Amino acid sequence: DAKTTQPTSMDCAEGRAANLPCNHSTISGNEYVYWYRQIHSQGPQYIIHGLKNNETNEMASLIITEDRKSSTLILPHATLRDTAVYYCIVRVGGGTSYGKLTFGQGTILTVHP
Amino acid sequence: GAVVSQHPSWVICKSGTSVKIECRSLDFQATTMFWYRQFPKQSLMLMATSNEGSKATYEQGVEKDKFLINHASLTLSTLTVTSAHPEDSSFYICSAHDPRGPYEQYFGPGTRLTVT
């Protein structure tokens, strides 16, 4: 699975949009981009995933560049409860590695009042 | 979304004893579950993949005789840390794939193990 690069930490004001970038320049054509987050001392929480089209759900939006070498997770109106470590993971869907997730160091997002 | 539970949420044990951690999928059947370990201020590291009715697949460097995994049913996987030592103290997290969903993997709340 392709490796990802994320900033170590980011800050965001409450109520503003949080834009978390992720570089995955070696992504393959059959690899998806997944985002999870982990609030302190809890298990990771699935946020969103996509292949090449932009995606939106009730939690966030995922913008993937046309060349698929980078993506941005957008939390449109960050709240204090969004403070967490955000992980960008690239993974093949299906096959022998089905389900296997490789976590990097992630981005520590701190939302402040 | 799908719900995965873990029991216990925390446990303290003495060095040399064994500890069993349970992972359950509450509202779906999971043929595949995963076990991760997370040390303080570090990321999650996959330990093993647990498949219902067959032997677990361990990641490189993980001792299969020390970390026993049993996936006896479609809703339960157990991780037993045998002869635990202080260096085994960690946050253990399981996850399960919900076959009804589009590749989503749901995580349990984690189990904090402290070995004294």
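All chains are named by letter (A, B, ...) in the order of the sequence lines, taking the proteins before the strands, and each is independently numbered beginning at 1. Just so you know, these numbers come straight off a predicted model, no measurement behind them.
- For the pair I74(A) and I63(A), the tightest heavy-atom approach, listed with the atom from each and the gap, is CD1-CG1, 3.8 Å.
- Contacts between residues 44-52 of chain B and chain A, defined by a heavy-atom separation under 4.5 Å, are made by L44(B), L46(B).
- Taking the six-membered ring for Trp and the full ring otherwise, F91(B) and F39(B) have centroids separated by 6.0 Å or more.
- The most heavy-atom pairs under 4.5 Å with chain A, out of P109(B), S9(B), C94(B), come from P109(B).
- Judged by a 6.0 Å distance limit and a 45° cone about the ring axis, R37(A) is not positioned over the six-membered ring of Y87(A).
- For F67(B) and Y58(B), the ring centers sit 6.0 Å or farther from each other.
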**Message:** Could you walk me through whether S71(A) and H24(A) satisfy the side chain to side chain donor-acceptor pair (under 3.5 Å) test, starting with their C-alpha distance in whole Å, then the side-chain angles of each, then the deciding distance to 0.1 Å, before giving a yes or no?
**Reply:** CA-CA 8 Å; S71(A) 61; H24(A) 31 79; 3.0 Å; yes
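- Residues passing the side chain to side chain donor-acceptor pair (under 3.5 Å) test with T57(B), sequence neighbours excluded: none.
- Considering all non-hydrogen atoms of both residues, T107(A) and P7(A) come closest at OG1-O, 2.6 Å.
- Contacts with chain A were tallied for Q38(B), Q42(B), R112(B); Q38(B) has the most, counting heavy-atom pairs under 4.5 Å.
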